[in-house]
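In what follows, a structure is listed as structure tokens, so that the remarks can point back to it.
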Amino acid sequence: MTACTYRELRIEHVDLGYGTRTIVKDLSLAIPAGKITAIIGPNGCGKSTLLRGISRLLKPSSGEITLDGKNIHTFPGKEFARMVGLLPQSPIAPDGITVADLVSRGRYPYQGVFKRNTAEDDEAVAWALEATNTMGLAERSVSELSGGQRQRVWIAMALAQQTDILLLDEPTTYLDLAHQVDLLDLLSDLNEERGTTMVLVLHELNLAARVAHHLIAMKDGEIACAGKAESVMTSENLHRVFGLKASVHDPEKSGAPVVVPHARVARGGFSKANAGQAMSEADREDNSNE
Amino acid sequence: MSPSLAHTAREKPHTQRQRTLAVTAALVVLLALAVVSSIFWGTRDVGVNTVWNYFTHADLPAMTEAVLDQRSVRTLWAGTIGAALALAGAGMQGVTRNPLGDPGILGVNAGAAFAVVVGISLLGINSSTGMAGLAFIGAGITSALVYGLASVGRDGATPVKLALMGAAISAGLGSLTSALILNFSNALDSLRKWQLGSVAGSSMEEFFPGVFLLIAGALIIGLGARSINNFALGDDMATALGENVMLKRFIIFIGITLLSGTATSMCGPIAFLGLMAPHALRALVGPDYRAIIPLSALFGAALLIVADTVGRVIMPPEEIQVGVTMVVIGVPVFIYLVRTKKAVEL
């Protein structure tokens, strides 16, 4: 498949929110083209809201988001959808839809009311299935797939859309660790092969450090710090942003540090000596509650 | 990319296409059979030769010709209304992402019934044209009201808000209708007849103004098939695919109102068809509305013609109204289809 065009995505003094509640405040940033950017931060920090803003699901109440210098809200819907794709947090698969059918829905921005599927559409769908290693599932019903397979299929659909920029809102939620790694490796490969600019919202810090070229840590609707993983993922920053006491290591010297939360100082002295007693006390409490 | 891969990707749509083609062929045959039997059977028996002569414009006794004329018009009405209700149902299920979607959800039936009762009891209207007009106005105002109220708030008219507002307004109008009927008992008879749904007294003259509105509605739903496909992926995904969700939903909503409002004004509220036809087709050809929409129309047309024919022949010389036979025939067919689908999936 053809390589992606690098596009300049900028967020300038943007306020985003719902109704009168502002969640993202006066935020400015530039998304590095052709790189993977991961947005991290505690729950409710506004990272998903920011992604909704970038994908036009939410209009900024002030400031503007620009793509190649043009306000994103000035593009016609389909034109924008040919440049920027989104995998929302919980997309809905219609009951009984097959994998091939679902992936081909990603071709909508290239089709008109009377324009039927073209060879180009078929090719893009086949490529997306192949790239996500889901070709073998093409005829299966999406509802019968495992969580990991299903997420690959959604990514295939987003790939079939062939955008230069791909936004993913917590793509690894509900996957086990092996499948999370697997999925993020897939995104890395795609980024390397096509040069797709990716922006991910991620909860898993270690994985964010592993996949992203650029990390953005958000807190209370503002950017707390941004940059390479080793500069963002420090124990000071983690404490500041998440209120988390943790040490940061880089065992493989790979520039992808690993966060290890500090061992918990057990409440009520949960040591080996009185562990049994503590357990039975807890049990008794449970029983009395019933 | 190798050509064989592109071929594999096309493989599945291919088998699905074959299935869709088979279902289309079956429905066309069903519709043809329904039309023929509707013209053959009735309270007065007509021979094969007579029907042949009728269609070849040979000379026939005036009486026979009048009967066949009336049956043809009736068949045309039943087919048109059946298709319209099925299309409205398909649109409604798509827009609300609700498999139980039915134009009745928008309060169209309740609004039409209320307007008719107001007309009969307070305005003294009793002609069928007058009642049709009232029903159309009532249906239109109600669905506009439902949409307007559902649109209040940040997200606009979301599927859930539409369904809730429709249910609320329907309930409110239903009790107002009951209150009026209790106080104007003369309205009860007319309403009762109207409310069952019938194509019995249909004429070609009354067919025409309505059919244009139905065609407009059908075009909107037909051309909206891709948008409805997008809605099915959720509003976020639909927007990400470049769909203007609020605008398209509003336009399709107008199409649904045109179809169900006009159909209800022409024949009274005919229940269940709008719910059943798209559901049955989804079970047969999958979730692609580009197939569901046209095939629902075929199925709805055939089904209402059959229902009307059965209503005519089941206990001559009396006729049972199509609204009743429709449900009696529709329910077992529906249960059968839904169960077969399960068997296929397992």
Side-chain angles (χ1 to χ4, degrees), chain A residues 1 18-19 52 55-57 75-82 84-109 111-114 117 119 122-130 135 138-141 143-144 154 157-158 161 163 167 169, chain B residues 1-17 93-94 97 99 153-155 159 219 222-248 279 282-292 341-342 344-346:
Chain A
M1 273 297 128
Y18 304 96
R52 289 180 76 80
S55 53
R56 302 213 308 187
L57 297 180
F75 290 100
K78 283 186 178 178
E79 190 187 335
F80 187 71
R82 289 193 290 265
V84 180
L86 167 75
L87 181 55
Q89 222 173 87
S90 38
I92 304 167
D95 208 15
I97 197 168
T98 61
V99 169
D101 197 1
L102 183 68
V103 173
S104 71
R105 298 270 174 103
R107 297 301 294 168
Y108 177 76
Q111 297 165 340
V113 181
F114 296 108
N117 271 22
D122 286 338
E123 230 170 79
V125 170
W127 170 78
L129 288 170
E130 192 199 5
M135 185 61 90
E139 303 186 15
R140 299 266 297 275
S141 169
S143 56
E144 62 190 47
W154 282 114
M157 183 188 151
Q161 206 176 326
T163 56
L167 312 171
D169 195 355
Chain B
M1 191 190 59
S2 68
S4 69
L5 281 176
H7 182 69
T8 321
R10 245 176 261 147
E11 203 88 359
K12 175 65 195 175
H14 189 63
T15 56
Q16 194 141 35
R17 206 167 294 154
Q93 289 178 13
R97 268 200 300 276
R154 176 167 55 83
D155 307 325
L219 280 176
L223 295 179
R226 275 170 187 278
S227 299
I228 295 178
N229 271 347
N230 287 336
F231 295 159
L233 302 170
D235 287 0
D236 286 359
M237 191 59 113
T239 309
L241 286 171
E243 190 67 82
N244 188 337
V245 174
M246 286 205 197
L247 176 69
K248 290 285 180 62
H279 219 62
R282 194 176 299 113
L284 289 172
V285 301
D288 190 342
Y289 274 90
R290 286 174 297 175
I292 292 176
K341 181 209 174 192
K342 269 195 185 136
V344 169
E345 273 189 346
L346 290 172

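So you know, we letter chains A, B, ... as the sequences are listed, proteins then strands, and number each from 1. The model shown is predicted, which means the values in this text are computed figures rather than measured ones.
- Proximity to chain B (any heavy atom under 4.5 Å) is shown, for A:F75, by neither the backbone nor the side chain.
- Counting all heavy atoms, side chain and backbone alike, A:A81 lies closest to B:A240 at CB-O, 3.4 Å.
- Heavy atoms closer than 4.5 Å to chain B are found in the backbone of A:V84, but not in its side chain.
- Ranked by non-hydrogen atom pairs under 4.5 Å with chain A, the options B:N229, B:D288, B:V245, B:L223 are led by B:N229.
- Residue A:R52 touches chain B through its side chain alone, counting heavy-atom pairs closer than 4.5 Å.
- Taking the side-chain hydrogen bond (donor to acceptor under 3.5 Å, both in side chains) definition, one finds that B:R226 meets it with A:Q111, sequence neighbours left out.
- Looking only at distances, no side-chain donor or acceptor of B:E243 sits under 3.5 Å from a matching main-chain atom of A:Y108.
- When each of B:G234, B:G224, B:G242, B:A225 is checked for heavy-atom pairs under 4.5 Å with chain A, B:G242 comes out on top.
- Using a 4.5 Å cut-off between heavy atoms, B:D236 contacts chain A through both its backbone and its side chain.
- Annotation: the span from A:L102 atom CG to B:L233 atom CG amounts to 6.0 Å, rounded to 0.5 Å.
- By number of non-hydrogen pairs under 4.5 angstrom with chain B, the leading residue of A:K78, A:R105, A:R82 is A:R105.
- For A:L167, no part lies near chain B; criterion is any non-hydrogen pair under 4.5 Å.
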